[in-house]
Amino acid sequence: DRVPVMCAVPLDAVIEAAATSTRWVRIKNNRAGDPIETHVEPPKQVLKSLMARTTFGAVHELNCIVRHATLAADGELLTIPGYHKEHKMLIFPRVDGERIDLVDSDCTPENARTALALLVDLFQDFNFESEAHRAAAFSLLFTLLVRQNLDTVPFFALDASTPGTGKGTVFQVVQAIATGNPSLSSWAPTEDADAEGKRLVSLGLEGRSGLCLFDNIKSGASLGNAVLDAALTNGFVSGRLLQLNKTATVKLSVTFAATGNNIRLSGDLHRRTLFMKLVSPAQKRVKWTYPLIAQYAATHRLKYLRAALLIMRAFVLHGRLPADDTWRPIEGVSGAEPTPYASFEAWSKMCRDPLVWLGMPDPVAGTKGAGASADLTTANFTALLEATFKITKQTPITPYRLQQLWEACKIGEGADDQDFCGALVSLGFVDDRRWKSGRAQSILSTYQDRALDGGYRLVALIPHRRWE
C-alpha cells in the first residue's frame with residue numbers, strides 16, 4: 001500500500017536536492033578581468049530563505065491528503081482522484097482507479113433515505129440501547145469521511161454493561177468503510193498529562209488520521225486528562241518532543257474513541273463525548289446477518305461509502321443550503337433543527353444534522369443521560385462536598401482549608417474522615433500521601449460554576465477564591 005505523507009522537509013534534504021538538481025557556481029574575475037566560475041555547495045542561507053517562503057508561484061499549495069472520495073469544507077462532492085486546486089486537497093485512493101459513481105443529481109432526499117436504510121441494514125445485528133446511539137455510530141462514520149475539514153470533533157465512547165456485545169466490531173465496521181482496513185490502532189489510557197501530551201504531539205507530527213481507540217477500558221476505571229480535554233476543544237496540542245528538549249504545537253487529524261464496560265470519564269471529557277451503548281440481547285445471537293461483518297464491510301466498502309457521501313451531499317443540496325444556512329426539513333420525515341453542539345458546531349452541520357434531517361434521533365440525545373453518570377470527577381466532587389459539610393457543617397472551602405482538613409482527617413478513624421480522604425485521593429489532590437496544591441487549585445478552577453449532584457454547585461467566591 002503506497003501511503004503518501006505530508007511532512008516538513010529537513011534542511012539537509014533540501015541541500016541534497018539542490019546539489020543534485022542544480023549547478024551552483026561562484027563567479028569571480030581573475031587578474032585579467034575575465035569571469036571565472038568555481039563550483040560551490042548550495043548556500044545554506046539561500047535555502048533557508050527558500051524554505052521560509054509561504055508561496056512558490058507555480059507550485060500548488062497542499063493542505064491535506066485524503067484516501068477516499070469526500071466532501072469539501074463547503075459541502076462540494078469530490079469523487080475524482082487527483083489534486084483539487086480550489087480546496088488544496090489531494091485525493092489519493094488506496095486502490096488505483098478507485099472512484100465512487102456519484103453525482104449531484106443522485107443526491108435527492110428519496111435516495112438519501114434509501115442510503116440510510118442501507119446503513120441501518122448493515123448495523124442491524126448491533127443491539128444499541130436506543131436509535132440515538134445507532135445514529136451516533138453513523139455520525140462517527142461521517143466524521144472519518146470529512147475529518148480533514150473539521151478542526152475539532154467529539155470523543156466517541158461505546159459502552160456496554162457486559163463483555164461480548166460487539167463494541168470493538170462496531171468500530172471495525174466503521175473503520176472498514178472509511179479506510180478499507182478494519183484493523184484499529186489501540187492506545188492504553190493514562191492519567192499522566194505530560195505523557196499524554198508527548199503521545200499526542202507524536203500523532204500530530206506523524207500526520208496520523210482515522211480512529212485512535214482506547215480499547216477495553218477496565219470496568220469502573222476512569223479515562224481522561226487535561227491535555228486530552230484541551231486537544232478535543234482546540235484541535236491542536238502542544239508538548240515536548242520525545243527524547244528531545246524541544247516543544248512543538250501540532251494539529252491533530254485523528255478521531256479519538258473508547259470502548260469499555262461501564263466507562264467512567266474524568267475531567268471535562270464527558271462534555272466533549274458522544275456516548276453509545278450496546279446492551280446484551282434477550283437471546284444469544286445464533287448467527288450474524290453478515291458473517292465476519294468487518295471483512296464484509298471492507299469487501300463491499302464502496303457501496304456503503306457511496307451511501308454515506310450521498311446522505312451528506314443530499315443534506316447540503318436540499319436540507320441546509322450554504323447560501324442562507326436555513327434548515328429545510330423533509331415534510332413528514334425531518335425532526336426539528338438540532339441546537340448547536342458547543343465546541344463542535346462545524347461537526348454538527350456535516351456529521352449530525354444530516355441524520356436528524358432524515359428522521360433519525362439526534363445522535364447527541366443519547367449522550368445527555370450517559371454523560372452525567374460517566375463523569376467520575378463530578379461524582380467525586382459531590383462526595384467531597386458532602387463529606388466536608390458533615391465534618392465542618394459548612395461548605396465554602398479553599399485549597400488551603402482542604403489541606404488543613406486533610407491533615408486532620410488522614411489520622412482520623414471515623415467514616416466521615418475516610419470518605420473525605422477517599423474523595424481527595426480520587427480527585428488527585430493527594431498523591432503518595434502528599435498534598436498536590438497545584439493540582440487542587442487547577443481542578444477547582446476548571447470545575448467552577450459546574451452543577452453537581454445533590455444540589456451542590458462549585459462557585460468561585462472572589463476575591464477569597466472559595467468554593468461551595
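This chain uses plain numbering: 1 for the first residue, then up along the sequence. Keep in mind that what you see is a predicted model, and the values were worked out from it rather than measured.
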Distance check, rounded to the nearest 0.5 Å: Ile330 atom CD1 versus Trp357 atom CH2? 4.0 Å
How long is the straight-line distance from CZ of Phe344 back to CZ of Phe155, given to the nearest 0.5 Å? 11.0 Å
Nearest 0.5 Å, please: how far is CE in Met89 from OG1 in Thr70? 5.5 Å
Please evaluate residues Phe126 and Leu158 with respect to the criterion side-chain contact (heavy atoms from CB on, under 4.5 Å), reporting the C-alpha separation (whole Å), side-chain torsions for both, the decisive distance (0.1 Å), and the verdict. CA-CA 12 Å; Phe126 294 109; Leu158 182 52; over 6 Å; no
Residues two or more places apart in sequence or in another chain: which of them pass side-chain contact (heavy atoms from CB on, under 4.5 Å) with Asp215? Ser186, Leu213, Thr259
Is a side-chain N or O of Asp74 found less than 3.5 angstrom from the main chain of Glu76, in a donor-acceptor match? yes
Enter the distance from Thr179:OG1 to Arg94:CZ here, rounded to the nearest 0.5 Å. 5.0 Å
Nearest heavy-atom approach of Val316 to Leu71 is CG2-CD2, 4.4 Å
Those residues at least two apart in sequence (or on a different chain) that pass side-chain contact (heavy atoms from CB on, under 4.5 Å) with Arg320 are Phe315, Asp325, Trp327, Glu337, Lys349, Asp353
Going by the rule side chain to side chain donor-acceptor pair (under 3.5 Å), which residues pair with Lys277 if we only count those two or more places apart in sequence or in a different chain? none
Does the side chain of Ile311 come within less than 4.5 Å of Phe138's, by heavy atoms? no
Where Pro42 and Ile15 come nearest, the two heavy atoms and their spacing: CG-O, 4.0 Å
Quick one: are the ring centres of Tyr296 and His300 less than 6.0 Å apart? yes
Does any part of the side chain of Arg272, heavy atoms only, come nearer than 4.5 Å to the side chain of Ser343, both counted from C-beta? no
Straight-line distance of Leu140 CG to Met276 CE, nearest 0.5 Å: 6.0 Å
side-chain hydrogen bond (donor to acceptor under 3.5 Å, both in side chains) partners of residues 14-25, not counting sequence neighbours, each pair once: Arg23-Glu37
Considering residues at least two apart in sequence or located in another chain, which fulfil the salt bridge (charged side-chain N to carboxylate O under 4.0 Å, His left out) criterion with Lys48? none
Is any side-chain heavy atom of Val364 less than 4.5 Å from a side-chain heavy atom of Ser348? no
Exceeds 12 heavy-atom contacts within 6.0 angstrom, atom NZ of Lys88: no
Please evaluate residues Ile293 and Phe123 with respect to the criterion side-chain contact (heavy atoms from CB on, under 4.5 Å), reporting the C-alpha separation (whole Å), side-chain torsions for both, the decisive distance (0.1 Å), and the verdict. CA-CA 9 Å; Ile293 188 171; Phe123 283 78; over 6 Å; no
Chi angles and distances behind the side-chain contact (heavy atoms from CB on, under 4.5 Å) call for Phe156, Thr143: CA-CA 11 Å; Phe156 291 82; Thr143 300; 3.8 Å; yes
Listed by chain and number, what are the salt bridge (charged side-chain N to carboxylate O under 4.0 Å, His left out) partners of Asp106, not counting sequence neighbours? Arg306
Would you indicate whether the side-chain heavy atoms of Pro363 and Leu355 approach each other to under 4.5 Å? yes
Got Leu122 and Ile177 here, is their nearest side-chain heavy-atom distance under 4.5 Å? yes
Taking everything shown except Lys44 itself, do over 12 heavy atoms lie less than 6.0 Å from its NZ? no
Validation row: Leu200, Phe256 side chains within 4.5 angstrom (heavy atoms): yes
Over all atoms of both residues, closest heavy-atom pair of Arg313 and Cys107: CG-SG, 3.6 Å
Using a 3.5 Å distance criterion without hydrogens, assess whether the side chain of Arg113 forms a donor-acceptor pair with backbone atoms of Leu116. no
Nearest heavy-atom neighbours spanning His318 and Arg328: O-CB, 3.5 Å
Separation between CG of Asn30 and CD1 of Ile36, rounded to the nearest 0.5 Å: 4.5 Å
Glu131/Arg134 salt bridge by N-O under 4.0 Å criterion: yes
On a heavy-atom basis, which atom in Thr255 and which in Pro154 lie closest, and how many Å separate them? CG2-O, 4.5 Å
Looking only at heavy atoms, the pair that brings Ala115 and Leu310 closest together is CB-CD2, 4.4 Å
Starting from the C-alpha separation in whole Å, work towards a yes-or-no answer on side-chain contact (heavy atoms from CB on, under 4.5 Å) for Thr152 and Thr233. CA-CA 6 Å; Thr152 59; Thr233 301; 6.0 Å; no
